[in-house]
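Following: one structure in structure tokens, then a few remarks.
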There are 2 protein chains.
Amino acid sequence: MGKNSKFDREEVIDKAINLYWNSGFHGTSMRTLQNEIDMRPGSIYATFGSKEGLFKEALIRYTQLGREQLTECRRKADSPVNALKSFMIERVKLAQKASPTCMCLLVKSVAELTDNNAELLAQARESLKTMESGFEELIIAAQAAGEIDKTKDSQNLARHIQIYFSGIRSYIRVYGDTVPIAEMFDDLFQHHPFTYSSH
Amino acid sequence: MGKNSKFDREEVIDKAINLYWNSGFHGTSMRTLQNEIDMRPGSIYATFGSKEGLFKEALIRYTQLGREQLTECRRKADSPVNALKSFMIERVKLAQKASPTCMCLLVKSVAELTDNNAELLAQARESLKTMESGFEELIIAAQAAGEIDKTKDSQNLARHIQIYFSGIRSYIRVYGDTVPIAEMFDDLFQHHPFTYSSH
DNA sequence: TAATAACTTGAACGATCGTTCAAGACTAGA
DNA sequence: TCTAGTCTTGAACGATCGTTCAAGTTATTA
């Protein structure tokens with residue numbers, strides 16, 4: 001008995017993701033959120049508890065979508081390494097559409113948040129680790145397929161990718177599209193420690 | 001005739017840098033700034049014009065200090081590449097002292113700022129380019145000294161460093177000190193395209 | 001169809017935001 | 001020492017912040 005919600009929860013969170021992605025946690029006001037997701041304060045607070053609560057759900061869903069995209073890339077690509085490459089390219093394209101910063105919402109969040117929002121900071125960290133472990137799975141697959149040297153530590157390589165990926169996206173934020181994005185990702189895998197030919 | 005300011009301008013800006021570094025532009029309130037730099041609103045606004053004005057000066061001074069530190073490292077180190085290495089290590093140490101994020105204030109700023117603060121965003125971008133050109137100067141010196149392959153494009157290598165450096169610092173933000181920082185910087189230079197031995 | 005439970009609404013709250021400005025304090029030149 | 005110019009002070013401003021809650025609406029059940 002009683003009334004059902006008339007809004008679509010995932011749809012609402014997706015809109016929240018885009019807003020937070022654009023302007024960050026502090027830069028996005030509840031008023032803006034209210035207008036954009038078309039909910040009144042009472043409904044928002046009944047559903048998500050607080051601005052922090054909504055942001056946390058946004059982080060979680062953002063991460064889930066990222067993992068799904070990674071899986072999708074693996075399904076489509078003809079090799080694990082190519083799956084990683086296409087994921088990075090697609091992710092940058094998606095980010096450029098959703099947020100002019102082009103940066104990862106999770107990286108933006110660990111950069112912006114402080115201990116004043118400890119739970120959110122912890123969630124963003126956790127999410128980044130989740131993404132990194134997704135990279136590692138693909139690397140292990142690549143090693144099994146003979147694409148990457150089996151003697152290399154997969155965790156180490158995944159770290160390499162995480163670092164370079166976030167670095168590139170910060171770099172794009174500074175230089176915009178003037179920089180050859182695809183080439184930069186190719187570079188990553190053409191170099192040691194991802195190739196046999198090195199050292 | 002008239003009264004002289006009783007505060008030290010550089011000292012004030014340095015304190016502002018630390019506050020912004022910790023909490024970001026939006027996360028640092030004028031009230032907090034007033035207390036920390038021990039100036040009343042009237043004085044701050046007479047001197048810097050606005051919160052944006054103070055932040056811009058902070059960005060500029062932060063960059064200037066960074067360039068000076070780079071020069072200092074070059075003076076002390078026995079080679080240009082070692083100068084780069086020690087700069088990175090020292091910078092991370094400094095950042096860990098000044099800001100628990102350990103990240104670069106400039107990268108944090110391009111991540112946080114939007115077109116609502118276009119002038120600040122432009123300044124942060126400009127400053128990052130300034131730092132990168134400092135890296136390139138050291139690389140050119142390293143090439144002249146035979147430390148790095150002369151046929152490599154110095155601009156490209158500087159980009160590599162910029163990307164990896166900011167990437168590492170984001171990474172440290174996620175994992176804290178559990179990650180072997182010095183090793184990671186060594187890795188950067190042991191790999192192609194910084195070594196002859198690669199490819 | 002009346003009662004009940006679930007959800008929505010939007011005006012309003014206190015707190016805090018960045019900022020202003022009239023008044024006071026101080027210093028240097030006449 | 002007086003005056004004119006410069007800097008400092010801090011109360012106060014309107015705007016906006018995140019949030020609350022009593023009242024209204026809608027759907028389900030008996």
Side-chain angles (χ1 to χ4, degrees), chain A residues 1-13 15-59 109 112-121 123, chain B residues 1-13 15-59 109 112-121 123:
Chain A
M1 61 186 77
K3 194 179 164 186
N4 291 332
S5 299
K6 69 177 182 185
F7 61 86
D8 180 320
R9 191 183 179 94
E10 287 200 346
E11 199 175 298
V12 162
I13 295 178
K15 282 182 183 168
I17 287 177
N18 281 326
L19 289 175
Y20 284 129
W21 206 347
N22 263 293
S23 309
F25 178 69
H26 289 112
T28 308
S29 74
M30 288 306 285
R31 293 266 143 76
T32 305
L33 277 161
Q34 288 160 31
N35 295 335
E36 206 70 25
I37 69 183
D38 195 30
M39 283 174 76
R40 259 38 63 195
S43 285
I44 298 179
Y45 280 83
T47 310
F48 301 105
S50 66
K51 191 187 181 187
E52 281 203 78
L54 177 53
F55 190 75
K56 185 172 181 183
E57 291 227 33
L59 288 178
S109 298
E112 178 187 4
L113 296 171
T114 68
D115 290 339
N116 293 335
N117 305 102
E119 196 179 341
L120 297 182
L121 181 54
Q123 179 61 57
Chain B
M1 59 185 77
K3 196 179 164 188
N4 291 332
S5 299
K6 70 177 180 186
F7 61 86
D8 181 320
R9 191 184 179 93
E10 287 201 345
E11 199 175 298
V12 162
I13 295 178
K15 282 181 183 169
I17 287 178
N18 281 326
L19 289 175
Y20 284 129
W21 206 346
N22 263 294
S23 309
F25 179 68
H26 289 112
T28 308
S29 74
M30 289 304 286
R31 293 265 143 76
T32 305
L33 277 161
Q34 287 160 31
N35 295 336
E36 205 69 24
I37 69 184
D38 195 31
M39 283 174 77
R40 261 36 64 195
S43 286
I44 297 179
Y45 280 83
T47 311
F48 301 103
S50 65
K51 190 188 182 187
E52 282 204 78
L54 177 52
F55 190 75
K56 186 171 181 181
E57 291 228 34
L59 288 178
S109 298
E112 179 187 5
L113 296 170
T114 67
D115 290 338
N116 294 335
N117 305 102
E119 196 179 340
L120 298 182
L121 181 53
Q123 179 60 58

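In what follows, chains carry the letters A, B, and so on, assigned in the order in which the sequence lines appear, proteins first and then strands, with residues in each chain numbered from 1. In this text, all values refer to a predicted model and were calculated from it rather than measured experimentally.
Taking atom CG of Leu54(A) as the reference point, atom P of dT19(D) lies 11 Å away to the nearest angstrom. Rounded to whole Å, atom C1' of dG18(D) lies 11 Å from atom OH of Tyr20(A). Here dG18(C) presents its P atom at 13 Å from CG of Leu120(B), a figure rounded to the nearest Å. The distance between atom CE of Met30(B) and atom C1' of dC13(D), rounded to the nearest whole Å, is 16 Å. Between Lys51(A) atom NZ and dT20(D) atom C1' there is a gap of 17 Å when expressed in whole angstrom units. Distance, Arg40(B) CZ to dA12(D) C1': 16 Å, rounded to whole Å. In this structure, CD1 of Ile44(B) is placed 14 Å from C1' of dC7(D), rounded to the nearest angstrom. Taking atom CZ of Arg9(B) as the reference point, atom P of dC7(D) lies 11 Å away to the nearest angstrom.
Other residues, nucleotides and ligands place no more than 12 heavy atoms under 6.0 Å from the CD atom of Glu119(A). Shown here is Asp115(A), whose CG atom has no more than 12 heavy atoms of other residues, nucleotides or ligands within 6.0 Å.
Nearest-nucleotide assignment on DNA chain D puts the 5′-proximal partner with Asn4(B), out of Asn4(B) and Thr32(A).
At a threshold of 4.5 Å between non-hydrogen side-chain atoms, the residues Tyr20(A) and Leu59(A) do not count as touching.
Taking only side-chain atoms of Tyr45(A), from C-beta outward, the nucleotide of dT9(C), dG18(C), dG18(D) with the closest atom is dG18(D). Between dT8(C), dT19(D), dT8(D), one nucleotide has an atom nearer to the side chain of Ser43(B) than all others, and that is dT8(D). Out of dA12(C), dA12(D), dA28(C), the shortest distance to the side chain of Arg31(B) is found at dA12(D). Of the candidate nucleotides dT8(C), dT28(D), dG18(D), dT8(C) has the atom nearest to the side chain of Ser5(A). The listed nucleotides are dA11(C), dT8(C), dA11(D); the one nearest the side chain of Pro41(A) is dA11(C).
Between Leu33(B) and Leu19(B), the shortest heavy-atom contact is CD2-CD1, 3.5 Å. Pairing each heavy atom of Ser50(B) with each of Tyr45(B), the nearest pair is CA-CE2, 3.7 Å.
At a threshold of 4.0 angstrom between heavy atoms, the contacts of Gln34(A) include nucleobase atoms, whether or not backbone atoms are also involved. Across all strands, Phe7(B) comes closer than 4.0 Å only to sugar-phosphate atoms, never to a base (heavy-atom distances). Thr28(B) comes within 4.0 angstrom of sugar-phosphate atoms only, judged by non-hydrogen atoms across all strands, and of no base.
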